[in-house]
Protein chains: 2
Amino acid sequence: MCMTLRPRGRAKREPTPELLGLIAGQFRALAEPARLSILHALEGKERTVTELVELTGLGQGNLSKHLQQLHACGFVSRRRDGLFVHYALADKDVLALCEIMCHRLEADIEAEQRVVAAR
Amino acid sequence: MCMTLRPRGRAKREPTPELLGLIAGQFRALAEPARLSILHALEGKERTVTELVELTGLGQGNLSKHLQQLHACGFVSRRRDGLFVHYALADKDVLALCEIMCHRLEADIEAEQRVVAAR
DNA sequence: AACATATATTCGTATTTACTACTACAGTAA
DNA sequence: TTACTGTAGTAGTAAATACGAATATATGTT
């Protein structure tokens, strides 16, 4: 039991409120359509802030703040190149997480369709 | 590209704002320490609301609302047994999701420790 | 029926937060 | 230096939400 809500390899004990807060913070960083839109725009290649403004339709200041949040949680990396700052997906975790969520949603939709079809 | 922000097996197209909202909603359901605490209490066995009140320390009304949210997102299942309602983890997704997050946090902590150790 | 217990819901409030508009900072070029 | 561009930060505001307290509903018991 308790394999998930504590760091791996640690002693078997209750997750502290601090740890729960950290995990919740990671989820909260992804709990916003605007930030998911940013992450989607970063799939495959890195992008400058200007590019992301165009791709996402978000305002520049707003977008920048979302990027700070994603960077603070380690979901995106930053690379300065002269006047431009290039952002990129930091790892594959975002992809894995979203894939699980999409899988769940797909299952829900299919279940609903079965209910509808059964009438 | 775009393997993650749309349901599997669908045509290759941009994720709609609706889909992004649904995914964000799934993440938001997990973006709260109180709800993670509930999910942790449900690891291994189902629990009644009364049991969850004791295990989590949350108020009964507050807890019930959190349970409704988790149930609406499909993370927990409900089973009525007379006067009691038993809640349980609906699937293994929560465990997988939290494991990824814990893994990330652990990596961050280790990275910080390396920085500290290098001084 | 009345009563008791378990769970759900409503109300009011304080906190959080996403957004826009504006301003500040960083880097480049003249 | 000044001017210009890209990015980051600040202030104010409206919407979302987590919480406690109180109330309502559901089920079982007498």
Side-chain angles (χ1 to χ4, degrees), chain A residues 17-18 20-42 45-88 90, chain B residues 17-18 20-42 45-88 90:
Chain A
E18 291 76 32
L20 291 178
L22 290 173
I23 300 173
Q26 301 259 111
F27 281 120
R28 182 168 293 122
L30 305 181
E32 189 61 36
R35 285 192 287 276
L36 294 178
S37 174
I38 293 169
L39 294 170
H40 172 254
L42 292 176
K45 67 180 94 171
E46 65 177 14
R47 303 281 193 179
T48 67
V49 177
T50 303
E51 286 174 323
L52 289 172
V53 168
E54 298 172 7
L55 288 167
T56 64
L58 297 171
Q60 182 271 318
N62 190 22
L63 175 64
S64 183
K65 264 176 297 187
H66 284 306
L67 286 169
Q68 306 315 307
Q69 292 184 246
L70 290 170
H71 186 257
C73 287
F75 286 112
V76 300
S77 61
R78 211 200 308 245
R79 178 176 72 82
R80 179 131 219 162
D81 180 28
L83 205 51
F84 295 85
V85 176
H86 299 261
Y87 283 90
Chain B
E18 292 75 31
L20 292 178
L22 289 173
I23 300 173
Q26 302 259 111
F27 282 120
R28 181 167 294 124
L30 305 180
E32 190 61 36
R35 285 191 288 274
L36 294 178
S37 174
I38 293 169
L39 295 169
H40 171 254
L42 292 176
K45 66 179 95 173
E46 66 177 13
R47 303 280 192 180
T48 68
V49 177
T50 303
E51 287 174 323
L52 290 173
V53 168
E54 297 172 7
L55 288 168
T56 64
L58 298 171
Q60 183 271 318
N62 190 23
L63 174 62
S64 182
K65 267 177 294 186
H66 284 306
L67 286 170
Q68 306 313 308
Q69 292 184 247
L70 290 170
H71 186 258
C73 287
F75 286 113
V76 301
S77 61
R78 210 199 309 243
R79 178 177 73 82
R80 179 129 219 165
D81 180 28
L83 206 51
F84 294 85
V85 176
H86 299 262
Y87 283 90

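Lettering follows sequence order; numbering is per chain, from 1. The model shown is predicted, which means the values in this text are computed figures rather than measured ones.
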Next on the checklist: Before you tell me yes or no, could you show the steps for A/V53 and A/L58 under side chain to side chain contact (heavy atoms under 4.5 Å, CB included), namely the whole-Å CA-CA distance, both residues' side-chain angles and the distance that decides it to 0.1 Å?
Outcome noted: CA-CA 5 Å; A/V53 168; A/L58 297 171; over 6 Å; no

Checklist entry - With B/S64, which residues qualify under side-chain contact (heavy atoms from CB on, under 4.5 Å), at least two apart? => result B/Q60, B/Q68

Checklist entry - Quick one: how far along DNA chain D does chain A reach, first to last nucleotide 5' to 3', anything under 4.0 Å to a heavy atom? => result D/dT5 to D/dA11

Item to check | All pairs passing salt bridge (charged side-chain N to carboxylate O under 4.0 Å, His left out) where residues 61-87 of chain B contributes a residue, at least two apart | outcome: B/E46-B/R79

Checklist outcome for this item: With sequence neighbours left out, the residues meeting side-chain contact (heavy atoms from CB on, under 4.5 Å) with B/A29 are B/C73, B/F75

Item to check | Main-chain N/O of A/L52 paired to A/T56 side chain as donor or acceptor, under 3.5 Å | outcome: yes

Next on the checklist: Rounded to whole Å, how long is the line connecting atom CD of B/E46 with atom P of C/dA6?
Outcome noted: 17 Å

Checklist outcome for this item: B/R79 atom CZ is separated from C/dT7 atom C1', nearest whole Å, by 15 Å

Item to check | Spacing between B/L67 atom CG and C/dA8 atom C1', to the nearest angstrom | outcome: 10 Å

Next on the checklist: Please give me the minimum heavy-atom distance between B/A31 and A/A31, naming the atom from each residue.
Outcome noted: CB-CB, 4.5 Å

Checklist entry - Over how many whole Å does the gap from B/E54 atom CD to C/dA6 atom P extend? => result 10 Å

Next on the checklist: I'd like to know if the side chain of B/E51 reaches the main chain of B/T48, judged simply by a donor and an acceptor atom lying under 3.5 Å from each other, with no hydrogens or angles considered.
Outcome noted: yes

Next on the checklist: Between P on C/dT7 and CD on B/E51, what's the gap in Å once rounded to a whole number?
Outcome noted: 9 Å

Item to check | Pair listing, salt bridge (charged side-chain N to carboxylate O under 4.0 Å, His left out) test, anchored in residues 22-31 of chain B, at least two apart | outcome: A/E32-B/R28

Checklist entry - Within the distance-only criterion (no hydrogens, no angle test), does the side chain of A/R47 pair as donor or acceptor with the backbone N or O of A/A88 below 3.5 angstrom? => result no

Polar atom pairs between nucleotides 25-30 of chain C and protein, under 3.5 Å, N or O only, would you list them?
none

Item to check | Contacts of type side-chain contact (heavy atoms from CB on, under 4.5 Å), residue B/L22, not counting sequence neighbours | outcome: A/L105

Next on the checklist: What contact category does A/S64 fall into here, base, sugar-phosphate, or nothing, at under 4.0 angstrom with non-hydrogen atoms?
Outcome noted: base

Checklist entry - What closest approach, in Å, do A/G21 and B/P33 show between heavy atoms, and which atom pair accounts for it? => result CA-CG, 4.0 Å

Checklist entry - When you check every protein heavy atom under 4.0 Å of nucleotides 15-22 of chain C, what one-letter string (B, S, -) results, 5' to 3'? => result --SSBB--

